[in-house]
Amino acid sequence: MIKITFPDGAVREYPYGSTALDVAKSISEGLARKVLAANINGQVWDATRPIPTDATLKLLTWDDTEGKSTFWHSSAHLMAEAIESMYPGVKFWVGPATENPPGFYYDMDLGGHQISDEDLRKLETKMAELAKQQSAYQRKDISKAEAVGYFTQKGDEYKLDLLGNLQDGEITFYTQGQFTDLCRGPHIPHTGFIKAVKLTNIAGAYWKGDEKNKQLTRIYGITFPAKKDLEEYEALQEEARKRDHRKLGKELGIFTFDDQVGPGLPLWMPNGGIVIEELEKLAKESEDKAGYKRVVTPHIAKESLYLTSGHLPYYQDSMYPPMELEGVKYYLKAMNCPHHHKIFDAEPKSYKDLPYRLAEYGTCYRYEQSGELFGLMRVRCLHMNDAHIYCTKEQFYEEFKAVNEMYLKYFKIFGVEKYVMRLSLHDPAKLGKKYVDEPELWKETEALVRDVLIRTNTPFKEVADEAAFYGPKIDVQIWSTIGREFTLATNQVDFAQGRRFKLTFTNKDNQAETPLIIHRAPLGTHERFIGFLLEHYAGKFPVWLAPLQVKILPISDKSMEYAQTLLDSLKNADIRAEVDDRSEKIGKKIRDTELAKVPYMLVIGEKEMQEGKVAVRRQGKGDLGVKSIDEFILDVRKEIKERTPNP
RNA sequence: GCCGUUGUAGCUCAGGGGUAGAGCACUUCCUUGGUAAGGAAGAGGUCGAGAGUUCAAUUCUCUUCAACGGCUCCA
């Protein structure tokens, strides 16, 4: 007998050789029908595989993340079976479940075959057929020699490559129906669980993610245990499309692109201009309070500046090519730091001047690869909420902490609840290549940053080989409401550029010392941040950010004059307002204003005119009742001043 | 940069080898209506750009530009 401990602490005994499915059946048949896999002593395990020892056991269903990923991984095998049956000779690489986007993919070498979107529909049908056969996913231990023999005979160099990294004794095959794959598992009991299939797209993917390698075909898909789940998923996708910042940005007159201006070069329209101004106002206020000094620097500089900074050798490919004037090369700036360093260096500094904080909403140009451009999220002209803090090692803790606090303050204002701070470290193997060759300084600086995160109880995760060339950084990841992940900003420590620019300050001992530099950009760039905000708010900006804050809707021409006096009052109170003076009925005016996502509507007719009041309507909330215009102005001004989030 | 898809009016989209269509938006007129679409008329397109095939190309072929879905990259 083996002892099974359940999540609630209960312990039961089962005969040796029992499976998770047997355990489920002993509880209820209904449960057994839902079990996809099991977590056994922390390891995900086939539901149909005997439990080897006493164990803690959690049955996994569709409601568990691990259940879903097992389901999707098995779906990838099902898709491979369908593909192999329709396109014999296709060679498969790997087919994992994915979290974002949810579902799975399988990479394959199609040989001479070509697969189109219509073929995906045929494949879906084939998968549905195969699923109906309820083929079991059968696990088999196999010797390395036997496995190598199998794939050699199949002529599959990809699986042979995978086998190369595996030891004899840890190799397993899984077979369902006619399809056998090298796989460590686990899998769901049989294909019959898969009730709804959607193959979402075909894409190219470099083998092993290396662009020097051959490009394989990747097919993405998603599957569900019930048809209605697929319908829900598709409805969600439709919602996400409506919230896409590219669609909203166009509808709301925030930004546009023009072929003749160029790819990745957004044109900010009047409404976008207002959002930008409001964000800059916010940045200026908080930076003023935090002791930053504002500067303005040119958009171009001589080549020698970027040779000194060290950027050029690392990033030349993603800078616009230089223009040559009077025999000298000039580059459009892709970053603001070198300009700021020169401002630091323009006047001698004493330790009494530190921390010295320079801020600029700097315009930068980066020649991003054409395939990388994506709405406002990846562009070639960007406006960075940039600042550089020059400080001593002793000041570092307080400075870095203050920067993190600024992030958190902004998150609160914008209602960002889910975020992760990622500590990006260097890879010692790449010193001198990807990273400045200063092993000791790397260790020291990384420890400094980690120390701040730990001492301030900031949750973070560490990732290797993601640092900037001049120092470790913190990447702040956030998610828009439609699940899109953003690297909002990077927050970096730089021990290299100070030396390269020979920046110094005179310390207490009258010695020249090099400052540490913190690069920070809590609001990232206007482009990415406004893109995020559009999706985050679904285009419904809070009042302080809304391009148009109040729309006055006269019921008829009779109240038009009153509307004009209201407009004057609102404008005098610095509230962005307009009058809808079209000869439309009030229902139409309300509808159009609702769709334009204007936060406040003032409906006025003869009644309001006589009483000297306004009938207030809130976007998405409906009629809020009648107020005096003074009272309304007071309320709205308060909302703007406090940057109140949407109700 | 690579693989794939798409490109018709301001927007959403239909069409298809023989001089281009709808709805919404826009303009004008009628209507002055109390909380999510009043009515009529009108204007609007080098069918992304260039070349080729053809008597004839928006439609077929090639090239190119751009956008989109991925891969690679991201100071």
Side-chain angles (χ1 to χ4, degrees), chain A residues 101 105 107 110 114-117 120 200-220 241 244 246-247 250-251 253 256-264 306 309-319 333-338 364 366-375 377-379 382 384 386 434 466-471 473 475 487 490 492 494 496-497 519 521 528 553-560 582-596 601-608 615-620 622-625:
Chain A
Y105 66 78
D107 281 352
L110 287 173
Q114 183 90 24
I115 290 185
S116 68
D117 280 354
L120 289 187
T200 47
N201 61 54
I202 312 173
Y206 298 109
W207 184 40
K208 297 185 179 178
D210 187 337
E211 63 184 326
K212 287 180 206 78
N213 284 342
K214 179 171 180 171
Q215 199 157 52
L216 303 177
T217 302
R218 174 174 296 181
I219 299 182
Y220 282 88
R241 271 191 287 278
D244 190 306
R246 292 164 296 187
K247 187 173 161 63
K250 180 140 214 155
E251 284 170 5
T256 188
F257 288 96
D258 182 272
D259 276 4
Q260 213 170 4
V261 174
Y306 302 112
S309 74
H311 283 96
L312 209 48
Y314 288 95
Y315 299 112
Q316 186 159 30
D317 287 349
S318 46
M319 289 176 78
K333 73 173 171 185
M335 69 299 292
N336 304 301
C337 30
C364 298
R366 295 179 178 182
Y367 186 70
E368 301 284 1
Q369 294 183 31
S370 59
E372 272 314 317
L373 301 175
F374 170 65
M377 300 304 168
R378 280 296 281 278
V379 290
L382 45 100
M384 212 190 309
D386 212 358
K434 190 171 169 186
E466 291 284 344
F469 74 85
Y470 47 65
K473 60 178 181 173
D475 290 320
T487 298
T490 62
Q492 306 158 350
D494 179 353
Q497 285 195 59
H519 303 235
R528 189 169 287 189
L553 309 179
I555 301 233
S556 78
D557 287 356
K558 288 177 198 140
S559 34
M560 202 60 82
R582 299 174 304 165
S583 64
E584 291 289 353
K585 293 169 96 166
I586 192 65
K588 170 74 166 165
K589 290 183 182 181
I590 287 171
R591 178 180 159 80
D592 288 347
T593 315
E594 286 279 347
L595 292 176
M601 283 157 259
L602 298 181
V603 177
I604 53 161
E606 290 179 83
K607 205 166 67 188
E608 286 75 17
V616 181
R617 197 187 153 94
R618 178 81 206 220
Q619 202 274 346
D623 198 345
L624 299 184

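First the proteins, then the strands, lettered A, B, ... as listed; each starts at 1.
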Using a heavy-atom cut-off of under 4.0 Å over every strand shown, decide if [X] touches base, sugar-phosphate, or nothing.
X: A:Phe469; value: nothing
X: A:Ala203; value: base
X: A:Ser318; value: base
X: A:Gly625; value: nothing
X: A:Tyr470; value: sugar-phosphate

Should [N] form a Watson-Crick or G-U wobble pair with both distances under 3.5 Å, which nucleotide is its partner?
N: B:U58; result: none
N: B:G34; result: none
N: B:C29; result: B:G39
N: B:U12; result: B:A22
N: B:U6; result: B:A66
N: B:C74; result: none
N: B:C47; result: none

Could you check how far [atom1] of [X] sits from [atom2] of [N], rounded to whole Å?
X: A:Arg241; N: B:A67; atom1: CZ; atom2: P; value: 20 Å
X: A:Arg528; N: B:A75; atom1: CZ; atom2: C1'; value: 12 Å
X: A:Asp317; N: B:C2; atom1: CG; atom2: P; value: 14 Å
X: A:Ile219; N: B:C3; atom1: CD1; atom2: C1'; value: 13 Å
X: A:Phe374; N: B:G69; atom1: CZ; atom2: C1'; value: 10 Å
X: A:Gln369; N: B:G69; atom1: CD; atom2: C1'; value: 16 Å
X: A:Ile202; N: B:U5; atom1: CD1; atom2: C1'; value: 9 Å
X: A:Arg378; N: B:C68; atom1: CZ; atom2: C1'; value: 16 Å

Inset, instruction - Determine whether the side chains of A:Tyr470 and A:Gln492 contain a donor N or O and an acceptor N or O closer than 3.5 Å. - result: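 Yes, side-chain donor-acceptor contact under 3.5 Å.
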
Legend entry - Phosphate-side-chain proximity, A:Tyr105 and B:G69, N/O vs OP1/OP2 below 4.0 Å: no

Inset, instruction - Compare the minimum distances between each of B:A75, B:G1, B:A67 and the side chain of A:Tyr206, then state the nucleotide with the smallest one. - result: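 Among the listed nucleotides, the one closest to the side chain of A:Tyr206 is B:G1.
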
Inset, instruction - Counting heavy atoms from C-beta on, name the nucleotide in B:A67, B:A75, B:C2 closest to the side chain of A:Leu373. - result: B:A67

With a 4.0 Å cut-off on N to O distance, would you call [X] and [Y] a salt bridge?
X: A:Lys473; Y: A:Glu466; result: no
X: A:Lys208; Y: A:Asp210; result: no
X: A:Asp107; Y: A:Arg218; result: yes

Inset, instruction - Specify the closest pair of heavy atoms between A:Gly264 and A:Val379, including all atoms of both residues, with the distance to one decimal. - result: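 Nearest heavy atoms, A:Gly264 then A:Val379: O-CB, 3.3 Å.
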
Legend entry - Side-chain donor/acceptor of A:Arg528 to backbone N/O of A:Thr487, under 3.5 Å: yes

Inset, instruction - Please answer whether the main-chain N or O of A:Pro313 pairs with a side-chain N or O of A:Gln316 as donor and acceptor at a distance below 3.5 Å. - result: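 Checking the backbone N and O of A:Pro313 against the side chain of A:Gln316, no donor-acceptor pair under 3.5 Å is found.
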
Inset, instruction - Rounded to whole angstrom, note down the P distance from B:C73 over to B:U5. - result: 24 Å

Inset, instruction - Sequence neighbours left out, what passes ring-ring contact (aromatic ring centres under 6.0 Å, His included) with A:Tyr206? Give chain and number order. - result: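 For A:Tyr206 there are no ring-ring contact (aromatic ring centres under 6.0 Å, His included) partners, ignoring immediate neighbours.
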
Legend entry - Contact state string [nucleotides 33-43 of chain B, B base, S sugar-phosphate only, - no protein heavy atom under 4.0 Å]: BBBBBB-----

Inset, instruction - Take A:Asp475 and A:Asp210, find for each the nucleotide of RNA chain B with the closest heavy atom, and name the residue whose nucleotide sits nearer the 5' end. - result: A:Asp210

Legend entry - 5′-ward residue of the pair A:Lys208/A:Lys473 relative to RNA chain B: A:Lys208

Legend entry - Listed partners of A:Asp117 passing side chain to side chain contact (heavy atoms under 4.5 Å, CB included), at least two apart: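 Counting only residues at least two positions away or on another chain, A:Asp117 forms a side chain to side chain contact (heavy atoms under 4.5 Å, CB included) with A:Leu120, A:Ile202.
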
